[in-house]
Peer 1: 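Take this structure, written in structure tokens, and hold onto it; I'll ask about it next.
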Amino acid sequence: MRIVQAEVQRQRCHGHGRCAVYAPDVFDFDEDGKAFVIADSSFTENGPEIERAFAACPEQAIMIQKEP
Amino acid sequence: MSYSGTVSTDPGAEEPVDTNAGCPLDHDFLNGNFDQHSMTYREHSREILKHYRENDPLPWSDTYGGFRLVTKYDDVAFVSRDDATFSSNRNESEPHEGVNIPPTLHRFGFIEMDPPVSLEYRRGLIKLFTAAYAEKSQPFIKRFAQEALDDHIEKDEFDIVAEYTDRLPAMTTLHMLGLDAREWRRYADFFHHFVAEVRTADGYGERYGPGNWVMENLHQEIQDRHINPRDDGLSYIMALRIGDEPPTEEEIVESLMLILVGGFDTSSALLANSLIYLHENSGDRRRLIDDPALIPSACEEFLRYDSPIQHLSRTGKANCALAGRNLKPGDRLMLSYASANLDEDTFDNADKVIIDRFPNRHQAFGHGTHRCAGSYIARTEFAIGLNEVLTRMPDYEVVMDERVRYTTIGSNNGWLSVPVRPNLSAGK
């Protein structure tokens, strides 16, 4: 199933940095050390990487939506 | 079954429960006398924590003024995420607060404060602690690692803790702060013993309190930065504004001590434990030599398995329920990262080291707003530090019988000394 949306819940993120390790083309960190989704990143091209980032996040701060 | 130990004053106990079934450990230790600084804990921590997870996941301890040990992964994460209910704050008029049980000689900066103040410190220091800063630091960390090995690798035997696993993080941390990295040994020796000894030991306060070389030197460096601010970590700390106020000199010293203690022996313990493991497990050593790209995931697994910081504590601020027990304001909770990281309900084969484990959501760096600020630097030091050893002395062996562990692993799960033989000729 294709991932159609990926988001970081800022309140939950505490900057562990795992998402940027597993999906560096999708996740980056802002000045507060919190993750954000890079604006022009492709969810379809980075599907498996996003799945790994989702699984690796210790704070369960990443939300993903898949095609129904 | 009878109880040989003292009667617990567990305020939450309704009736005695035999929590010792099948456990080889002495009853005294398990019935309300858990002591993280004891020899029993040092020698048997994994079985003790497993016993608790399976039989009594929130055990009461009468030691150090009384506390509960949080042993399940989900409970440790739950407490760590709720700063309002579970406070880190340490108020000097309330000695049984803060994140250390028993309390340290003085407050340890923003790790012993609550949001929003703790977050003001973190935001102010973030430029020292980003992934980008860690990446930019690679050249000097690599140089420190290579210089340290250059000094000793030709010897038949050397202490890899004193000369390498202590030296590398000490030099790195001092360099980040703008302190004199050439003085690494004086700093490293101080912090090494500061964390290796039990804080309640005779003379501890005299040995590590005000007046020692490290503290005096920190005050001098602060005076110097008042006159000559620089582009360094100490100057960043001094430029912080909490509310609108600059930190006091004492608060600056606290922050420095936090970063030094947090940066030194934690990283040293991780690297030393890993080198011991790879001495004993040549298959994994070979895999890492053949495929250094595995080092980052091995790093996470060693963090999980050996948890350099075994636990930190919180104080309850409201009534709440945890692991089926009711807690009230003032209750002390010790969060066992060591136990959370070995929780079989979270990790498959939790007692096995699997260097490419995925996912690996360990809590060795903690969880929530107080998560270790230095984790990127720590991972970078580890990756470079381990890779240099595996590249330059791939046939090293640890002199296992001559290793000396810390007196207590209750503050830091490390080693005082670990002699190694580089065996440079073995591969030729």
Side-chain angles (χ1 to χ4, degrees), chain A, chain B residues 73-74 76-78 80-84 115-116 118-135 293 295-297 299-301 303-304 337 340-341 346-347 356-380 383:
Chain A
M1 274 191 301
R2 271 186 343 132
I3 293 175
V4 292
Q5 183 63 295
E7 278 175 44
V8 176
Q9 292 178 285
R10 226 185 119 76
Q11 286 292 94
R12 294 201 83 152
C13 174
H14 294 290
H16 293 248
R18 302 293 80 201
C19 55
V21 168
Y22 290 110
D25 295 333
V26 177
F27 298 99
D28 198 357
F29 282 82
D30 67 16
E31 288 178 347
D32 286 340
K34 299 212 177 207
F36 65 90
V37 174
I38 299 166
D40 57 355
S41 57
S42 165
F43 300 143
T44 43
E45 281 172 26
N46 293 287
E49 290 79 8
I50 296 171
E51 297 259 18
R52 284 177 77 78
F54 172 79
C57 177
E59 307 281 358
Q60 293 164 302
I62 296 172
M63 307 281 284
I64 54 178
Q65 268 181 41
K66 294 182 182 177
E67 220 169 37
Chain B
Y73 180 97
D74 288 343
V76 173
F78 176 82
S80 304
R81 284 181 183 141
D82 186 351
D83 292 305
S118 59
L119 293 177
E120 289 190 48
Y121 273 92
R122 282 183 80 103
R123 273 190 212 108
L125 297 175
I126 191 93
K127 54 185 157 179
L128 282 178
F129 297 125
T130 59
Y133 181 89
E135 201 172 323
I295 289 179
S297 73
C299 173
E300 301 306 312
E301 182 66 343
L303 280 161
R304 182 189 72 83
Y337 307 125
N341 288 344
T346 304
F347 300 98
D356 53 0
R357 180 184 290 277
F358 183 89
N360 191 349
R361 292 185 291 254
H362 66 77
Q363 300 190 52
F365 289 125
H367 233 65
T369 67
H370 282 285
R371 191 186 69 83
C372 173
S375 62
Y376 296 106
I377 277 284
R379 286 168 170 142
T380 304

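A, B, ... follow the sequence lines: proteins, then strands. Residue 1 opens every chain.
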Peer 1: Using a strict 4.0 Å threshold on nitrogen-to-oxygen distance, state whether Lys34(A) and Glu59(A) make a salt bridge.
Peer 2: no

Peer 1: Heavy-atom pairs under 4.5 Å with chain A: which of Gly368(B), Ala132(B), Ser80(B) has the most?
Peer 2: Gly368(B)

Peer 1: Pick one of side chain, backbone, both or neither for Glu300(B), based on which atoms fall under 4.5 Å of a heavy atom in chain A.
Peer 2: side chain

Peer 1: Can you name the closest pair of heavy atoms from Thr380(B) and Ala134(B) and give their distance?
Peer 2: OG1-CB, 3.4 Å

Peer 1: So which part of Phe129(B) gets closer than 4.5 Å to some heavy atom of chain A, the side chain, the backbone, both or neither?
Peer 2: neither

Peer 1: Give me the atom names and distance for the closest heavy-atom approach of Tyr337(B) to Gly366(B).
Peer 2: CE2-CA, 4.0 Å

Peer 1: Between His370(B) and His14(A), is the ring centre distance below 6.0 Å?
Peer 2: no

Peer 1: Chain B heavy atoms under 4.5 Å from Cys13(A): which part of the residue, side chain, backbone, both or neither?
Peer 2: neither

Peer 1: At a heavy-atom separation under 4.5 Å, does Thr130(B) approach chain A through its side chain, its backbone, both, or neither?
Peer 2: neither

Peer 1: Quick check: does any side chain N or O of Arg12(A) sit under 3.5 Å from a backbone N or O of Ile62(A), one acting as donor and the other as acceptor?
Peer 2: no

Peer 1: Is it the side chain or the backbone of Arg52(A) that comes within 4.5 Å of chain B heavy atoms, both, or neither?
Peer 2: both

Peer 1: Flag the pair Arg304(B) and Glu301(B) as a salt bridge only when some basic side-chain nitrogen lies within less than 4.0 angstrom of an acidic carboxylate oxygen.
Peer 2: yes

Peer 1: Heavy-atom pairs under 4.5 Å with chain A: which of Arg81(B), Lys127(B), His362(B) has the most?
Peer 2: Arg81(B)

